[in-house]
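Shown next, in structure tokens, is the structure this report addresses.
Just so we're on the same page: letters track the sequence lines, and every chain starts at 1.
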Number of protein chains: 2
Amino acid sequence: MSQEGVGIDLETSLGYLLKEASSALRTAMEEVLRPLGMSVTHYSCLELLAQRPGLSNSELARGAFVTRQTMNVLLQALERDGYVTRPAEAPVGKVLPTRLTPSGRRSLEKASAAVRSVEARMLSGLTGAEQAAAFGALKSMIRSLRGDDGGTRVVP
Amino acid sequence: MSQEGVGIDLETSLGYLLKEASSALRTAMEEVLRPLGMSVTHYSCLELLAQRPGLSNSELARGAFVTRQTMNVLLQALERDGYVTRPAEAPVGKVLPTRLTPSGRRSLEKASAAVRSVEARMLSGLTGAEQAAAFGALKSMIRSLRGDDGGTRVVP
DNA sequence: GAAGCTATGTCAGAATCCTGACATGAGTCA
DNA sequence: TGACTCATGTCAGGATTCTGACATAGCTTC
């Protein structure tokens with residue numbers, strides 16, 4: 001069957017499959033994070049800070065694939081609840097380096113374990129070689145879509 | 001370096017890479033669709049209808065990864081602008097089968113060509129074998145995340 | 001036939017996220 | 001030094017999407 005020349009064949013489109021996989025992953029993450037009272041963006045922010053302490057608001061936003069404004073309101077809430085800290089004044093420029101508090105680190109631990117189990121389930125049907133191949137393919141797709149090979153990356 | 005046992009290593013996480021690739025694809029699609037006055041969901045709806053005429057509102061929502069309510073407001077706008085048609089009364093049950101109008105089909109043609117070029121660019125650095133491997137890996141991930149192998153699929 | 005379950009279309013309200021805009025600080029170049 | 005460009009943090013408004021809820025239709029089971 002396929003298509004008669006017009007349109008994109010959704011059954012064989014890697015783009016559609018990419019969206020489908022990403023959607024399924026997000027749904028699965030939401031399911032395990034909801035009992036912890038945490039959203040995906042919420043978790044992403046904490047995980048980023050655990051690996052790169054001192055990240056700025058804008059860098060966190062890029063790393064979590066949201067805008068600066070969205071990350072800003074999230075950070076204000078996290079700061080109010082005592083999960084992260086930001087200096088009152090910027091040590092240099094306008095950048096406010098953010099750090100996890102012990103409370104934030106504790107909160108992240110449970111969430112991270114939950115997300116790790118989701119990722120393990122996602123990869124359960126793949127061999128190590130297949131995972132490596134998928135990794136390389138995704139890297140290539142991102143590079144091609146972005147146009148340039150360089151660019152600012154929060155997670156290189 | 002990597003991680004000291006805690007958390008997910010974002011540099012090697014396939015989940016993070018999946019989100020990154022999906023985000024890059026969405027951004028690229030938005031860029032080419034904006035000049036046509038079309039959003040990604042807008043385009044997805046039209047493309048789905050071109051391949052599966054008579055799809056219902058709920059089925060379109062599942063295929064475009066949004067809720068029924070979101071697709072409903074979109075369909076009302078598309079119907080008002082003459083891109084799709086729905087019968088005033090359901091021929092059977094409550095399901096209203098939706099179809100593209102000639103105007104909608106014309107509108108889709110340009111958008112589809114633009115999206116096709118984005119997908120081609122995305123895959124430009126991959127061989128056919130690599131694309132096939134990525135396809136299989138993504139299929140496996142989706143199957144594992146969903147838990148069951150069956151389930152209702154709009155695009156099988 | 002009646003009861004129960006699921007799925008659909010739709011409405012209303014709320015939460016989320018983004019676009020636009022502004023002032024400020026750092027780096028670059030003449 | 002001064003002008004220019006770029007990035008950052010932040011505020012306000014608006015657009016988009018989701019959650020919750022309702023009535024209804026079909027299917028299954030008794």
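Counting only heavy atoms from C-beta outward, the side chains of B:Leu145 and A:Leu25 approach each other to under 4.5 Å. By the 4.5 Å heavy-atom criterion applied to side chains, B:Ser56 and B:Pro97 are not counted as neighbours.
Atom CG of B:Asn72 and atom P of D:dT19 are 16 Å apart (whole Å). The nearest whole Å value for the distance from the NE2 atom in B:His42 to the P atom in D:dT16 is 12 Å. Between B:Leu60 atom CG and C:dG9 atom C1' there is a gap of 13 Å when expressed in whole angstrom units. Rounded to whole Å, the distance from CG on B:Leu74 to P on D:dT16 is 10 Å. Atom-to-atom, CZ of A:Arg86 to C1' of D:dT8 comes out at 12 Å; the value is rounded to the nearest Å. At whole-Å resolution of the value, CD in B:Gln76 and P in C:dT10 are 7 Å apart.
Helix bend of the helix from C:dG1-D:dC30 to C:dA30-D:dT1: the angle between its two end axes, each built from five pairs, comes to 40° after rounding to 10°.
Although no hydrogens or angles enter the test, the distance criterion places no donor-acceptor pair under 3.5 Å between the side chain of A:Ser22 and the main chain of A:Leu18. The backbone N or O of A:Lys19 lies less than 3.5 Å from no partner atom in the side chain of A:Ser23, so there is not a single donor-acceptor pair. In this structure, A:Ser13 contributes its side chain and A:Leu10 its backbone to no donor-acceptor pair below 3.5 Å. For A:Glu119 (side chain) and A:Arg116 (main-chain N/O), no donor-acceptor pair under 3.5 Å exists by modelled atom type.
B:Glu59 and B:Arg68 are not joined by a salt bridge, as no carboxylate oxygen comes within less than 4.0 angstrom of a charged side-chain nitrogen. Using a 4.0 Å cut-off between charged side-chain N and carboxylate O, A:Arg105 and A:Glu109 make no salt bridge. Under the 4.0 Å criterion applied to side-chain N and carboxylate O atoms, A:Arg52 and A:Glu47 are not assigned as salt-bridge partners.
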Review item, nucleotides 3-8 of chain C N/O atoms under 3.5 Å of protein N/O:
residue: C:dT8; atom: OP1; partner: B:Arg62; partner atom: NH2; Å: 3.2
residue: C:dT8; atom: OP2; partner: B:Arg62; partner atom: NH1; Å: 3.3
residue: C:dT8; atom: O2; partner: B:Lys94; partner atom: NZ; Å: 3.0

Between the protein and nucleotides 18-20 of chain C, which nitrogen or oxygen pairs come in under 3.5 angstrom?
residue: C:dC18; atom: OP2; partner: A:Thr67; partner atom: N; Å: 3.2
residue: C:dC18; atom: OP2; partner: A:Thr67; partner atom: OG1; Å: 3.0
residue: C:dC18; atom: OP2; partner: A:Thr70; partner atom: OG1; Å: 2.5
residue: C:dG20; atom: O6; partner: A:Gln69; partner atom: NE2; Å: 2.9

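Between D:dT17 and B:Thr41, a contact under 4.0 Å exists linking OP1 or OP2 to a side-chain N or O.
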Problem - Residue pair A:Thr70, A:Thr67: steps toward the side chain to side chain donor-acceptor pair (under 3.5 Å) verdict - result: CA-CA 5 Å; A:Thr70 299; A:Thr67 59; 3.1 Å; yes

Handout entry: B:Leu75 and B:Leu96: CA distance, side-chain angles, deciding distance, side chain to side chain contact (heavy atoms under 4.5 Å, CB included) verdict
Key = CA-CA 11 Å; B:Leu75 277 183; B:Leu96 295 175; over 6 Å; no

